[in-house]
Amino acid sequence: MRKSTKFLNQTIWLMIPVFMIFAMKAYADITPASEFCQRLQLSEHQCMEESKEWSEPLTLFKNHIIPTAISTADDVGFKVLILSPKWSTAYDIATKTIIEQFASQGLNVSYTLLNYQQDKDQAKVIIDIAENLGVDLIFSVGSSTTAFMFDYYSTGKLPVVSVCSKDPVSLYQVDGKIGMSQSNIAYTSLNIDVSTQIDYFKEKFLIGLSRIAIIYDINNPSSIQTQVSPLINYLEHSDNIELTLIEVDLNKVNDGLAPQMKKFIEGSQKPGDSIFLITGSTELFENIDRINKNAMALPVLSVTPSHVTSGLSSVLMAIGVSFKTNAKLAADYGARILQKKAIPQTLPIGIVDTPDISINFSRMPENTSLKLPFKFFEDAVVIYNHKGEAVRIDGYTQATSRCEVQDC
Amino acid sequence: MQKIKQILSLQIIMTLSMGLLLFIGVGESYRVMPSLLLTDACNQAQLLKNSIETNLKLGIPVEFKGFNQLADNLAEQSDQIANAQIIILHDQQAQHHDALILTCNMTDKDLQRVLTIDWQGLLIESDFDDHYQITLGLADKIGQVAQLVITPEHGFFKQAINAQFRSVIILSLVLCVLFPFIICFNQHLKIKYAKLMQQGLYHLALLLVGCLIINSLINLYTAGIKAQSNSLARSLEARLSIPLTLGFDLDSDLSGFDELLLEYRLKNPDISHIYLLNNSKISSSSVTESHQNEYKSKESLVCSSLSSEAQHSQYISICLDLVGSTYQIVIKTPWSRVLTKLWRAARNILVLLIAAVLLLSLFFDVLVSIQNTRNRSNNCNTSKGDIKDRLVKEKVDNAELLTLIRPVFALGVLMEAINLSFLPAYLSSRFVDADFSVSSVFAVYFICFAIILIPAGRCAENYSLRNMMLTGLILSVIGIGGIAFIYDPLSIIVLRGLSGFGQGILLIAVQSYLLRLQNLQATEQLVIGFNMSTISGVTIGALLMPMLGESSVFLIGATIGTINCIYCFMMITDLDPVHKTGALIQRDVSNQVKMPKRYKFIKLFSDLDLYKSVILIGFPTKAVYVGVLMFMIPLLLKAFGFDIDTIGQILVFYYFGVLISTIMISKFGGFLNYVSLMLFLGCLGSGLGLIMLGMLGQLATHQEMLVGKSFKLTAVILVSVLLIGIAHGLIHAPIVTHVVRSKSALLVGQATTAATYRFLERLGCIAGPVLASLILVNHDGTMNIELLVLVGFSIIVCGIIFIWPNISFNKKLKK
């Protein structure tokens, strides 16, 4: 008896560290609430673990979901759910911007952040909980969440605003002719209107522009659908600009890219009549050095501001929509819906009129008289100088880390 | 004691006249200067707004503390701005609720509505209690996120104007106090041309004050434009310095500066040139079309030479270095822009000066006459004169009675003319949704005016003329004063009818009074008085209305009428119906045939000569005056793009024309021997004037006509209007002389004949606008001014038909 008790004790003592090791392993994989505050640069006491009402219906710790509540005011007026498929820097920027915008508009909101880890069943449960707990608004973060919302919840009870999501018209979520969802989902777009894009290139930058070569990843259907196809459709009826498609198979970049680019360069008749444009694909951007080298004296531009980086591995200029600007627009839509100033059914697709511009002067083609418009310079959120060093990031001058206005 | 009274009277008159000049001068500065000051403050606020918005659009949150620092810096550096605050949208309760909110797109008229003249501050330095705020929206890429609230310094609009005008007002007060002493002392000396000297001194003082006012306005406007250019240059400097401080070169790295400079120039239309210089060479520029050929790109332009070189002397130039670089900004504003702003003020002051001189001459004469009458009455009591002295005295008495009666008519017309420039617009605003049209008010006025003429003429033969004048004035006072308080359309029509009756009675009473005094020159006095008063009234009314509002101007008209009543009651002696002078007594008494009244009228209305005068001369003249001058020309000028006050001043040329020719006739009595010739010349001039107006289409291009600013077009209109005025002056007085010389006048009396003629002539006033609409206005509302050529020819033909029998008759006489 004593032996058996002893054995049991020993076993228990042995099991404790093993259990602790497993428990610590599990804890290490989840994201604690306080980390959100760190990531979103909020004070720690604002972030806490959500109540059991949120946690219990979900499979606890399955896929390491931990609902986090963020409250920016004592007196909570509205409850907002921010639903994303994963944690990412882009989504953090969007979340932070939404929190800031609501605070700036004086809205007392408590936020519940949930990452459904691309498990649609969990997402459905989350939406059910949100309905039961009287959530006022859902932000659908990321194109995949918005696609899920479109499929599953476009007749739902709660209003939804999409954020960090690609063009809903190109993705057939909204009829472009109507321009609004007519459902409980209000859409915003990470893409600028193609006419705005062309206007920026031709009317404001290169008046003599007559040729555009768009370089895109043949294996990235989303970028083809949202960036290449609209450009093809728009320029189809244009007499002034000729569009050349440069398809790249990233598995065999060396084979196709250089000859196609060379051929395009040979067709250029005068400076400023041709540009290369690359789509917003991370995998494609990894080949930017190769593209720059092949582009020779022609400027390489992008539709994604994140393609302008420090050093030489960058495009010259990007004209597009940043996550922050898109999130601001989404927050504006959200605020209007919460304040009953608008309904999602009739809100037009949120497209940013004034795109974000990023410039890297070190990528200015040599031996050309190419100059960038002063207005672009003023509007540029990110600027790198001729050495590829940052002089302005997110609107802040890097040398002194202050705003660029006199006496500031 | 009498001397003190005279000095006091002169001081009051001078204070009133100079006060009016200063009022208009200060009013003009309040019209132009606030707009310049607001633009300057807005340029500075816009600079801050742009800086903040640029950063907001770059993603910097509106709560960024650096923005408040920027706002504080602006308030610290600016002389005009006391405080600048950024108010986030949901925190708008932080605004100063007592403050009057201004916006940067407010026009000078909007500002005039919210500003009041600080009279106390114009005399002595005092604290300002005005609170203004300029609010500008601050937006990021999504929408408005905050408001930039700029609080200008206390006395923002008033301080500069008060400081500029204080010395002028004090000097004017000194002149008002001292000049009457000098004038009285001068009177005591009994030197040659004493009266002329007195009047000369008087007008000189007015002219001096007028010049000082214009000088003050030049200083104010120049300072305003310089401040505008400075704030603009600073705004450009702030924007262009950003790439330079980040290590970029404007010329080699960036483009689009021409467009940037153009944008600035278009926002500030006073500016003619903006240059961006690099190493004293033009790098970018934006220049108005009219100055295109001055400099070309890459040409040298040295900042230091801007103030010294002759070619730059016609500009106000600002040169600003971009710190730490070889770049400079040059902004040039032509002096002509200052002069353009000043031109309107100078023109208004000049016209007002003339109006004041005309009116003051009248009052000055009255004062002198009162003084002389008193002196003589003292002399008469102490000495007995012989028959010759008595005749001379009688003649002098008549002249003085004439001087005394002139203000009654002048002020009577002025009180009515004071509303001429804005009455149609005022009535249009009151008659919205009313059952009556605005034209019905004018029709009622002229009908009442016309129908009272004959009864008034009959009354004038038998009743007290002074009482008639008082009746006319009281009716006019009720008519004009009532409009200030009563807004009901029907009541307004009734009041205008009363005014019509009043003016008609006054005209006939004064005309009869003058006829009894002077007979043949009476109508000249009437025409002169009418035109002087109309010029003064229209000018003063048009200038006072924007500052005081319509009701106040109506009340001023009623006050003038009331003063006129008191003056008439106290100063006008009623004349005996048989009070005539010299040979006229004998002629009139011997010639007037006694017959029944009914027969007299039958005789009068069967007088072909009277009909001929009415149909060929009187009716067309009045129809042209009311139909073309008062109705069509303002519409035509408005269509050409002229301002309302400019239209008024062009019309004043008509009255000047009438005045010139009437004074000429009055001065040189010999003209009266050629009445028919003068009437023909009147028709000829009137016709030629109309032909010139009708040929405007050929004289000016379509573009010029649309813009309405071409010198040629303005000159042609002015000459035409002046010519018509001179021509009408040749008709207005001589036609009555012609009529009262007729046989029927001997039978029924001059007053009745003149009144009957006036009545028939007034039918032209009633028919004028209707005929003008029928002949000159197309169905679509456009004007067919070419047809004025035909109207002009018709008037000339009327003149030829009128004079033809007289020429034949004269030939027979010669034979």
Side-chain angles (χ1 to χ4, degrees), chain A residues 93 97 100-101 103-107 204-205 321-322 324-333 336 350 352-357 359 361 364 369-383 385-387 389 391-400 402-408, chain B residues 47-48 50-70 72-74 76-77 88-92 139-146 234 237-243 245-261 263 276 284 323:
Chain A
I93 291 170
T97 308
E100 281 173 356
Q101 287 300 301
S104 149
Q105 293 188 33
L107 292 172
K204 298 182 180 176
F205 178 33
V321 181
S322 68
K324 191 171 181 173
T325 306
N326 172 258
K328 271 190 174 182
L329 181 59
D332 181 62
Y333 273 25
R336 283 200 253 171
V352 177
D353 292 330
T354 316
D356 295 306
I357 298 172
I359 304 168
F361 277 87
M364 188 77 88
S369 56
L370 192 68
K371 293 177 191 175
L372 290 172
F374 176 67
K375 289 273 174 71
F376 281 19
F377 184 92
E378 282 192 308
D379 292 344
V381 181
V382 173
I383 300 175
N385 64 14
H386 289 285
K387 294 174 187 167
E389 298 164 347
V391 290
R392 187 192 287 170
I393 296 290
D394 286 341
Y396 289 91
T397 302
Q398 292 307 289
T400 52
R402 60 175 173 81
C403 63
E404 282 169 4
V405 277
Q406 59 177 10
D407 305 317
C408 179
Chain B
L47 166 64
L48 179 61
N50 288 344
S51 302
I52 295 172
E53 276 194 342
T54 304
N55 286 278
L56 286 175
K57 284 176 182 168
L58 295 179
I60 294 169
V62 70
E63 291 84 2
F64 180 63
K65 284 180 184 169
F67 295 150
N68 291 322
Q69 183 62 46
L70 266 182
D72 291 344
N73 287 347
L74 174 70
E76 211 170 281
Q77 287 165 7
I88 299 169
L89 272 189
H90 64 87
D91 193 28
Q92 287 198 356
D140 60 11
K141 282 184 177 171
I142 309 304
Q144 190 176 335
V145 290
R234 284 212 306 274
E237 182 209 9
R239 288 179 74 179
L240 295 176
S241 293
I242 294 172
T245 53
L246 292 179
F248 296 96
D249 183 63
L250 300 183
D251 270 353
S252 54
D253 291 329
L254 301 167
S255 63
F257 294 110
D258 285 345
E259 290 81 7
L260 178 78
L261 302 187
E263 189 186 300
L276 176 65
S284 300
V323 180

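These figures come from a predicted structure and were not determined experimentally. Throughout, a chain's letter reflects where its sequence line sits, starting with A, and its residues are numbered from 1.
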Side chain, backbone, both or neither of B:S252 within contact of chain A (heavy atoms, under 4.5 Å): backbone
Contact class of B:E263 relative to chain A, heavy atoms under 4.5 angstrom: side chain
Nearest-0.5 Å distance, CZ of residue A:F374 to CD of residue B:E259: 12.0 Å
Distance, nearest 0.5 Å, that separates NZ of A:K375 from CZ of B:R239: 6.0 Å
Atom pair CG/NZ of B:L56 and A:K328 - distance to nearest 0.5 Å: 6.5 Å
Spacing of CZ belonging to A:F377 relative to CG belonging to B:D253, to within rounding of 0.5 Å: 8.5 Å
Geometric class of the A:H386/B:F248 ring pair [parallel <30°, tilted 30-60°, perpendicular >60°]: tilted
Distance (rounded to the nearest 0.5 Å) between A:D332 CG and B:D140 CG: 8.5 Å
Options A:D356, A:N385, A:V382, A:V352, ranked by heavy-atom pairs under 4.5 Å with chain B, top entry: A:D356
Most contacts with chain B, counted as non-hydrogen pairs under 4.5 angstrom, among A:V381, A:L372, A:D379: A:L372
Closest non-hydrogen atom pair between B:D251 and A:K371, with its separation: O-NZ, 2.7 Å
Contacting region of A:A380 [heavy-atom separation from chain B under 4.5 Å]: backbone
Part of A:F361 lying under 4.5 Å from any heavy atom of chain B: side chain
